[in-house]
Structures are given as C-alpha cells and as structure tokens.
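Down below is the structure, laid out as structure tokens.
Chain letters run A, B, ... following the sequence lines, proteins first, then strands; residues in each count from 1.
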Amino acid sequence: MTFDSVLDHLTARGLLLQTSNADELRAHFATPGQRIYIGFDPTGNSIHVGHLLQVIVLSHLQKAGHVPIIVIGGATGMIGDPSGRSSERTLLTPEIIAENSEALRRQISPFIDFTGPNAAIMVDNLEWTGKFSFIGWLRDVGKHFTVNYMMQKESVRARLEDREQGISYTEFSYMLLQANDFLHLYDTYGCRVEGGGNDQWGNITAGIDLIRKKRGVEAYGMTCPLITTASGEKFGKSAGNAVWLDPEQTSPYQFYQYWIRSDDRDVEKYLKMFTFLPLDEIDAICRAHEQHPEKRDGQKRLAEEITRIVHGADGLAKARTATEIFFGKEIVGLTDKELQAIFADVPSHELPRATLETAPLCSGLLAEADVFKSKGEAKRMIQSGGLYLNNRRITSDAPITREHLATETTLVVRTGKANYHLIRFRQD
RNA sequence: GGUGGCGUGCCCGAGUGGCUAAAGGGGGCAGACUGUAAAUCUGCUGGCAGACGCCUACGGUGGUUCGAAUCCAUCCGCCACCA
C-alpha cells in the first residue's frame with residue numbers, strides 16, 4: 001500500500017482526526033522539509049504511552065521528509081492545567097526542566113532522528129515566553145484575541161458551565177501562550193503546522209488565527225484522536241498508574257504486559273497506531289487473530305513491536321523471559337542469582353533474617369514487609385485465595401519459616417494473576 | 001457587603017440523638033468461568049484481635065447529653081441568590 005500524501009498514510013493508520021484546510025495542508029506537505037511542531041509539557045521526567053502517539057505522528061512525518069519541532073513547555077508547564085487537581089502545580093526550576101528535556105529527548109530518540117538532513121529540533125518555550133513583560137504580553141498578544149473568541153473555545157466553555165470547577169484567569173490565558181508559541185516558531189523556523197491531540201484543537205486554531213492576523217500567513221493544524229479503550233478504561237493506565245517509557249518507572253516487563261493485556265477489540269487499532277508494521281501485514285495478523293483469538297497473537301505481536309522499539313531487543317527479551325516465569329509453575333530449584341535476574345523488575349522488600357526465627361504468621365510477615373498495608377488486608381487476601389508463595393497458593397495463615405524460601409534468601413510473593421513482590425531476608 | 005445552603009469512608013451519595021464502622025452506587029482488590037481479553041457471577045474493601053471485643057472515623061475546635069455524623073457555639077472551606 002502506498003499513499004500520495006503522508007496525510008493519507010496517517011489517516012489509514014487512524015492517526016489523523018482533524019485538519020484545518022485539508023487541501024492546502026496536503027499541498028504544503030507535498031514539498032519535503034516542512035516544519036511541524038508538537039508541544040510537550042515537561043511535568044515529569046518521563047513521558048508515558050499517552051504521549052507516544054504524538055511522537056509517532058512526528059515520526060511518520062519525519063520519515064516522509066519533514067522536520068519535527070518538539071517544544072518543551074518550560075513556560076506553559078509552569079502554569080499548566082489545574083483542573084481536577086487539589087494541589088497547585090509546583091514551579092519547575094530550570095535544572096528540572098533541563099533534566100526533563102534530556103529525558104524526553106532520550107525517550108523519543110528511537111522514534112525521532114535528531115541528526116541527518118531533516119533533523120528534528122527541540123526547543124523550550126520559556127526561551128521566548130520568559131522575555132515578555134506583562135504589559136508587553138497584553139499589547140502584543142492579548143490585543144489580538146477577544147474574550148468572546150476565547151470563551152467560545154470548548155475547553156473554556158466547558159469550564160465556564162461547570163459551576164463546581166470554574167476556571168482561573170491563569171488557565172484561561174493558556175491558549176494565548178500556546179498560540180504565541182506557534183507564532184514564534186513560524187517566525188523563527190518558518191513552521192506552519194501544529195499537531196497535537198484533539199483536545200488541543202482550540203489552542204491550535206488560536207495559533208493559526210494569531211499567525212494570520214499578525215503575519216497574514218495561513219498556518220495549519222492537525223490532530224490525532226484521543227484514544228479510548230473498548231472497555232472504557234482510561235488508555236495508558238495500568239492499575240491506576242501511567243505506563244511510562246522510562247524503564248525505571250515502568251519496567252520493560254510491565255510495559256510489555258500492558259500491551260499483552262489489550263482488549264481484542266483494540267488490537268487492530270493499536271497495531272496501526274503504535275507500530276510501524278505495513279498495513280497489509282497488520283491486516284493479515286488481525287485475520288489470523290479472528291480465527292484463533294485465544295492465541296492472542298495480535299496482542300503478542302503488538303507488545304513485541306512496541307517493546308522492541310522502546311526498550312530494544314534486549315528489553316524485549318527480558319520482558320518475555322519474565323513473562324514465561326511469571327505465568328509458570330511453582331518456583332523451585334532456582335538460585336538467588338537466577339531469581340534476582342528474572343525478578344529484577346519486581347518490587348522487593350527487605351527484612352532481617354532473624355525475623356524468620358520467630359516463625360511469624362504469613363499475614364504478619366507480609367504486613368511487616370509492606371506487601372500489604374495491614375495484617376487484615378493480608379488475611380483477607382489469603383481467605384479469598386489470592387495469595388501465592390513461590391507461585392503456590394496459600395490457603396491458610398500459617399507460620400513462615402526458612403523452609404518456605406524459594407532460594408537462599410528470598411521469598412516470592414504473588415497476589416492475583418501475576419503481581420509479584422520479593423521479600424529478601426538479610427544476613428546479619 | 002447581605003441572605004440562604006453545604007462539607008460523610010478512594011469517589012458519588014443516604015443518614016437528623018442510641019438499632020451506625022455508617023444504606024446504596026461507582027471504583028478497586030481477589031475468586032470462579034476463560035484466552036494474562038470481554039461479558040457474567042461471588043466475596044472483600046478503617047486498624048488491632050479475628051469468637052465475643054476494643055480503638056479510630058462523618059471539615060477543625062470546644063460544648064450539651066448517660067449517649068452525637070446527627071443538637072449548640074465558634075473557626076475554616078465551598079456553593080447559590082441578591083447587592
């Protein structure tokens with residue numbers, strides 16, 4: 001399958017939801033070397049799979065010969081989006097922003113090329129936004145927007161109608177900052193396209209309008225859909241936590257598992273969006289998957305592809321090894337060293353070896369080791385049949401001795417299908 | 001500035017003096033069935049003990065009472081209407 005325009009390519013993969021002025025944008029992208037900008041707020045030291053989609057869109061565009069501009073929101077990240085938060089955003093120091101930017105660069109580098117003829121560019125919007133005085137801002141930017149216009153934006157209107165939430169003046173101004181970023185990038189790099197998630201549409205069009213008013217030039221916006229999972233859970237969350245790209249925060253195993261557990265109904269969509277497999281190959285995978293959904297070949301392929309890109313062949317290999325062990329039988333005959341390697345990802349807890357001499361009840365031990373918050377919780381888990389030691393189900397709250405250890409020093413605790421904890425007993 | 005209202009467990013939300021560790025729902029966790037999917041069903045969801053029992057908890061503090069989430073005072077926070 002080949003496409004005339006990169007836009008058709010993105011559409012076929014479900015990565016394009018909305019564009020402004022589609023025909024002109026198509027013509028614009030017909031010439032290679034066009035700049036396209038997407039912003040990221042550096043609120044953490046890692047991006048998560050939710051951000052990944054934007055990165056992939058940029059990647060496709062770069063492969064088509066265009067130049068991605070990644071904007072770190074050093075300025076916008078400071079004022080951020082207070083909705084649904086009880087605590088104020090903390091101001092990010094320049095050091096932290098630098099750190100987060102570096103992390104971002106590292107994490108997107110498997111997707112985005114920072115070298116070569118159409119090397120990606122990375123900039124921090126604090127560079128130009130920080131130079132504004134308040135008066136200067138009102139004159140140069142604020143003057144071009146009526147409050148009426150701003151209030152028509154969906155993001156603002158929703159909050160105005162929501163009596164409970166309200167919207168702060170700060171947040172109300174957010175779209176102006178973003179609009180000004182776009183203008184600045186047009187002036188500096190000749191960038192005429194902004195991308196983002198579809199929730200950014202209002203902010204993007206504000207930028208388009210600003211460029212038209214101030215420079216008399218037509219700029220364009222394009223958005224990708226916001227992902228919803230078939231079962232209605234929030235995409236990119238696992239047990240309430242975001243799935244990060246940073247292996248320290250989400251291990252390659254956990255990352256791999258997130259994709260493995262995808263709903264059948266989402267697999268095709270994800271394969272198209274998150275992998276770079278050719279569309280006819282994806283089609284073949286999905287047809288095979290329909291024949292034998294229980295094999296979960298679609299999920300496996302999906303998880304393999306994404307994990308390989310993000311964590312490398314090495315990370316993928318580890319994830320798969322861990323998967324085999326974790327969903328396997330009783331854990332016996334391993335040495336400390338082997339166990340350590342396999343369970344490198346797993347949260348571990350340390351207790352003095354002397355603890356074992358007193359043969360504590362299982363529930364007490366697990367509470368002590370912080371596997372559970374309280375003994376009661378541990379007991380409940382045992383009662384409901386959800387607790388396993390070394391992958392063997394525990395049916396009663398019995399005393400634990402060194403007989404129970406899987407290896408010289410370690411006890412492997414599992415709750416549910418595959419949630420592991422290690423308890424190490426220090427020699428001392 | 002005035003008047004009225006509200007603040008309950010992770011969230012929503014009942015509850016107006018003892019029968020309330022607090023209905024119901026959501027979420028979460030676990031189990032069964034399966035395919036590490038979906039749907040469904042079951043159990044659990046403050047702490048200690050786990051049999052009775054004890055402790056902590058209904059915005060904060062202080063009070064009334066044999067007894068308070070429930071009444072009073074005061075403080076804090078939020079909301080609505082009026083100006």
On a heavy-atom basis, which atom in A:A12 and which in A:L279 lie closest, and how many Å separate them? CB-CD1, 3.7 Å

Please state whether the phosphate of B:G47, meaning OP1 or OP2, lies under 4.0 angstrom from any side-chain nitrogen or oxygen of A:R380. yes

Rounded C1' spacing from B:C48 to B:G59 in Å: 27 Å

Report yes if the distance between the aromatic ring centroids of A:Y388 and A:F327 is under 6.0 Å, otherwise no. no

Polar side chain donor-acceptor pair, A:S46 to A:D246, under 3.5 angstrom: no

Interatomic distance, A:I382 CD1 vs B:G50 C1' [rounded to whole Å]: 13 Å

A:D397 CG to B:A30 P, straight-line distance once rounded to whole Å: 18 Å

Rounding to an integer number of Å, can you tell me how far A:R414 CZ sits from B:C29 C1'? 15 Å

Rounded to whole angstrom units, what separation is found between the CD1 atom of A:I394 and the C1' atom of B:G31? 16 Å

Just wondering, more than 12 heavy atoms not from A:E357 lying within 6.0 Å of its CD? yes

Please give the distance between the P atoms of B:C10 and B:C6 as a whole number of Å. 23 Å

Ignoring hydrogens and geometry beyond distance, is a side-chain donor-acceptor pair present between A:T355 and A:E368 at under 3.5 Å? no

Distance between C1' atoms of B:A23 and B:A14 (Å, rounded): 6 Å

A:R414-A:N391 side chain donor-acceptor pair, cut-off 3.5 Å: yes

Could you check whether A:Y388 gets within reach of a base, just the sugar-phosphate, or nothing at all, counting any heavy atom under 4.0 Å? sugar-phosphate

Would you indicate what A:D297 reaches in the nucleic acid, counting non-hydrogen atoms under 4.0 angstrom: base, sugar-phosphate, or nothing? nothing

In whole Å, what is the span from the NE2 atom of A:H421 to the P atom of B:C29? 12 Å

Looking at every strand, decide which applies to A:Q383 at a 4.0 Å heavy-atom threshold: base, sugar-phosphate, or nothing. nothing

side-chain N/O A:R265 vs B:A38 OP1/OP2, d < 4.0 Å: no

Same-atom distance (C1') from B:G27 to B:G9, integer angstrom: 13 Å

Looking across every strand, which nucleic acid part, if any, lies under 4.0 Å from A:K295 by heavy atom: base, sugar-phosphate, or nothing? nothing

Would you indicate, yes or no, if B:C48 has its OP1 or OP2 atom less than 4.0 angstrom from a side-chain nitrogen or oxygen of A:S374? yes

Between B:G26 and B:U45 - C1' atom distance, rounded Å: 13 Å

Please give the nucleotide sitting opposite B:G17 as a Watson-Crick or G-U wobble pair, both distances under 3.5 Å, or none. none

Does A:R393 place a side-chain N or O at less than 4.0 Å from the phosphate oxygens OP1/OP2 of B:A32? yes

How close or far is atom P of B:A38 from atom CD1 of A:I260, stated in whole angstroms? 14 Å

Considering only heavy atoms and no angle criterion, is a donor-acceptor pair shorter than 3.5 Å present between the side chain of A:K373 and the base of B:G47? no

Closest to side chain of A:M381, choosing from B:A30, B:G35, B:A38: B:A30

Can you see if the side chain of A:S262 gets near the phosphate of B:A37 - specifically, an N or O under 4.0 Å from OP1 or OP2? no

May I ask which nucleotide in the shown strands pairs with B:G4, Watson-Crick or G-U wobble, both distances under 3.5 Å? B:C79

Listed nucleotide nearest any side-chain atom of A:D264, set B:U36, B:A30, B:G35: B:G35

A:Y270 side chain near B:A37 phosphate (N/O to OP1/OP2, under 4.0 Å): no

Any donor-acceptor N or O pair under 3.5 Å, side chains A:D336, A:T407: yes

My understanding is that a pair needs two contacts under 3.5 Å, Watson-Crick or G-U wobble. By that rule, which nucleotide pairs with B:G9? none

Considering only B:C33, B:G35, B:A30, which nucleotide approaches the side chain of A:K417 most closely? B:C33

Hey, which of these two, A:D263 or A:G386, hits RNA chain B nearer its 5' end, going by closest nucleotide? A:G386

B:G43: pairing nucleotide in any strand, Watson-Crick or G-U under 3.5 angstrom: B:C29

Centroid separation A:W244 to A:F255 less than 6.0 Å: no

Between atom NZ in A:K269 and atom C1' in B:A37, what is the gap in whole Å? 14 Å

Look through every strand shown and name the nucleotide pairing with B:U70 as Watson-Crick or G-U wobble, where both distances are under 3.5 Å. none

What integer distance in Å separates A:W259:CH2 from B:G35:C1'? 20 Å

By the 4.0 Å heavy-atom rule, please label A:Q257 as base, sugar-phosphate, or nothing. base

Distance between C1' atoms of B:G47 and B:A21 (Å, rounded): 11 Å

Taking the six-membered ring for Trp, are A:F276 and A:H60 ring centroids under 6.0 Å apart? yes

Take atom C1' in B:U64 and the same atom in B:C76, then report the distance between them in whole Å. 23 Å

What nucleotide among B:A49, B:C48, B:U36 has an atom nearest to a side-chain atom of A:T323? B:U36

Kindly point out which of B:G35, B:C29, B:A49 is positioned nearest to the side chain of A:P293? B:G35

Is the shortest side-chain N/O distance from A:N419 to OP1 or OP2 of B:A30 below 4.0 Å? yes

Which whole number of Å gives the distance between the P atom of B:A69 and that of B:U16? 14 Å

Pick base, sugar-phosphate or nothing for A:G385, based on heavy-atom distances below 4.0 Å to the nucleic acid. sugar-phosphate

